[in-house]
**Q** 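To start, I am sharing the structure in question, which I have written as structure tokens.
Remember, predicted model here, so these are calculated numbers, not experimental data. We count ligands from 1, going down the list as the structure has it; atoms in each ligand are counted the same way.
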Amino acid sequence: MTLDEIKTQLQTAGVVGAGGAGFPSYAKLASGADTLILNCAECEPLLTLHRQLLADKSVEIISALSELGKALGVKRCVIGIKSSYKTTLEAITPVVAEFDNVEIKTLKEMYPAGDEIVLIYQVTGRRVDAGALPLSQGVIVYNVETVYNAYCALHRNKAVTDKLVTVACEVKKPQTVRVPLGTEIDELVKFCGGATVPEPVYISGGAMMGKIVSGNDTVTKTTNAILVLSPEHAVVKSKRRNPAIDAHRAASACCQCRMCSELCPRHLLGHPIDPARFMLAIAHRNLSDTEAYYNALYCSGCGLCESYSCMQGLSPRVLLDLAKRELRAGGIKPEVKKAEGVHPARDSRRAPVERLSSRLDLARYNVPAPLSGSMKVKSVRVPLSMHIGAPSEPVVKAGDKVTEGSMIAKPAKGLSVAIHAPISGTVKLVGKDIYIES
Ligand code: SF4
Ligand code: SF4
């Protein structure tokens with residue numbers, strides 16, 4: 001297949017980043033790259049989806065990686081994987097040996113090893129400037145499930161209609177399930193035996209970077225995990241922090257120890273984000289230090305400053321998030337800023353996932369969540385916007401009969417992908433979401 005044929009197929013099949021912001025995968029396949037990285041460095045505590053999928057479907061995923069690399073004309077296809085993922089490494093090593101353009105790069109156990117900018121530096125030694133795209137350094141990054149979805153699109157003519165989701169913590173049967181897109185979270189948790197605490201709170205996407213969702217929210221193309229926790233759990237409380245109170249606390253308790261900056265993964269790579277300077281500006285309501293606020297745009301939101309670095313229990317992340325939202329609402333975008341030198345002590349300033357897990361009070365939930373088959377549902381509510389870019393445009397109307405895998409929304413103009421029916425049934429309503437009942 002040519003690169004253009006691959007791009008068309010991925011857009012038509014609705015393949016987007018399976019996690020994070022859901023960037024349409026076809027749009028990443030641009031010329032100018034010399035390295036393609038498969039991101040298997042998932043670093044959020046309790047998330048094990050990618051390493052399990054790569055071990056289970058190693059031939060499909062690695063052959064698709066090699067194929068994409070050849071179509072792009074890149075020199076190297078590198079699987080970035082933590083050395084601690086021993087079962088996965090055992091499964092992929094003989095498969096990789098069959099492909100002359102694929103290699104393995106093992107990574108240290110640290111958070112956030114899966115951050116694209118950190119991963120690119122660990123794999124290639126290149127630094128992406130603040131605000132720049134990985135392609136500026138000749139690199140394209142896909143995660144494991146995205147490449148598996150690309151394989152299914154290219155070789156099985158299968159569109160993206162479901163998502164692997166790890167359900168963990170206060171749930172009877174922690175597991176990783178293949179779930180039809182548009183399934184309600186409540187139904188998914190029920191499928192896993194139900195919550196083991198009263199009034200459970202659901203966190204979608206991981207303890208560090210995830211967000212609280214409701215039981216009526218649905219599984220999308222980017223839902224990697226649902227953590228079920230009690231309302232009193234520290235992670236839930238940190239997600240419910242009030243920025244106004246945090247600003248007062250910054251004024252009274254920030255001692256300017258600078259630990260938040262000294263351990264910030266982006267700061268250590270020479271990016272201009274400086275949470276300690278930002279906290280000083282907030283504490284003194286110093287609006288003249290405009291750079292401290294503007295540089296909030298270069299924060300990745302990894303949460304390390306909040307959950308690991310600050311011994312005063314302050315949260316630079318919450319206040320930086322607010323500053324980012326306000327800057328964006330004002331139409332201010334991050335310009336590309338050249339990265340300064342890498343901090344000489346960077347290598348010794350790793351945040352081990354195990355320690356992070358203990359600090360988050362999640363170590364007790366570190367039990368296997370094995371791949372356990374597929375879930376069937378009778379109804380789905382599929383959002384038309386599950387990716388970055390323009391929402392897909394419906395091609396069905398209420399009353400239409402659809403079959404699983406048939407297109408229900410086409411790509412809009414600009415950056416967009418198609419959406420397909422996760423189940424067979426009748427379309428009940430078309431709005432911002434498409435409702436289908438079997
Ligand atoms: S680590 Fe906490 S106390 Fe130290 S500078 Fe950062 S916010 Fe202030
Ligand atoms: S959340 Fe904190 S540690 Fe992470 S990038 Fe932003 S400032 Fe740095």
**Q** So if I count the atoms of ligand 1 from 1 in the order they appear, which ones are less than 4.0 Å from some heavy atom of Cys255?
**A** 3 (S)
**Q** Is the CD atom of Glu393 crowded by more than 12 outside heavy atoms at less than 6.0 Å?
**A** yes
**Q** Side chains of Ile6 and Gln9: does their closest heavy-atom pair fall under 4.5 Å?
**A** no
**Q** Describe, in one word, how the ring planes of Tyr365 and His233 are oriented to each other, choosing from parallel (under 30°), tilted (30 to 60°) and perpendicular (over 60°).
**A** tilted
**Q** Heavy atom under 4.0 Å from ligand 2: found in Ser309's side chain, backbone, both, or neither?
**A** neither
**Q** May I ask you to identify the nearest protein heavy atom to atom 4 (Fe) of ligand 2, giving residue, atom name and distance to one decimal place in Å?
**A** Cys302 SG, 2.3 Å
**Q** Between Glu232 and Lys237, is there a salt bridge with N-O shorter than 4.0 Å?
**A** no
**Q** Tell me whether Cys299 has at least one N, O or S atom under 2.8 Å from atom 2 (Fe) of ligand 2.
**A** no
**Q** Charged N to carboxylate O below 4.0 Å: is that the case for Arg350 and Asp347?
**A** no
**Q** State which residue, out of Asp186, Leu229, Leu227, Leu188, fulfils the side-chain contact (heavy atoms from CB on, under 4.5 Å) condition with Tyr202.
**A** Asp186
**Q** Gly303 heavy atoms, cut-off 4.0 Å: which ligand 2 atoms fall inside?
**A** 1 (S), 4 (Fe)
**Q** Can you tell me the protein heavy atom closest to atom 8 (Fe) of ligand 2 and the distance?
**A** Cys264 SG, 2.3 Å
**Q** Measure the distance from atom 5 (S) of ligand 1 to every protein heavy atom, then report the residue, atom name and distance (to 0.1 Å) of the closest one.
**A** Arg258 N, 3.3 Å
**Q** Give a yes/no verdict on whether any heavy atom in Pro275 is under 4.0 Å from an atom of ligand 1.
**A** no
**Q** Closer than 2.8 Å to atom 4 (Fe) of ligand 1, do we get an N, O or S atom from Cys257, backbone or side chain?
**A** yes
**Q** What atoms of ligand 1 come closer than 4.0 angstrom to any heavy atom of Gln312?
**A** 3 (S)
**Q** Would you mind listing which atoms of ligand 2 come within a distance below 4.0 Å of any non-hydrogen atom of Pro265?
**A** 3 (S)
**Q** Determine, using heavy atoms of Gly301 and all atoms of ligand 2, whether some pair is separated by less than 4.0 Å.
**A** yes
**Q** Please determine whether the number of non-hydrogen atoms from other residues, nucleotides or ligands lying under 6.0 Å from atom CD of Gln256 exceeds 12.
**A** yes
**Q** What do we get for Leu320 next to ligand 2 when only non-hydrogen atoms under 4.0 Å count, side chain, backbone, both or neither?
**A** side chain
**Q** Just jot down the ligand 1 atoms closer than 4.0 angstrom to any heavy atom of Cys254, in number order.
**A** 3 (S), 5 (S), 7 (S), 8 (Fe)
**Q** Does atom NZ (Lys410) have a neighbourhood of more than 12 heavy atoms from anything else shown, all under 6.0 Å?
**A** no
**Q** Answer yes or no: are there more than 12 heavy-atom neighbours, outside Lys190 itself, under 6.0 Å from its atom NZ?
**A** no
**Q** Heavy-atom distance to atom 7 (S) of ligand 1: which of Met279, Arg249, Met311 wins?
**A** Met279
**Q** Around atom CZ of Arg364, are there more than 12 heavy atoms from other residues, nucleotides or ligands closer than 6.0 Å?
**A** yes
**Q** If you have a sec, work out which protein heavy atom is nearest atom 2 (Fe) of ligand 1 and how many Å separate them, to one decimal?
**A** Cys310 SG, 2.4 Å
**Q** Assess Arg355 against Tyr308: is NZ or CZ under 6.0 Å from the centre of the six-membered ring, and within 45 degrees of the ring's axis?
**A** no
**Q** Would you mind checking which non-hydrogen protein atom is closest to atom 6 (Fe) of ligand 1, with the distance to 0.1 Å?
**A** Cys260 SG, 2.3 Å
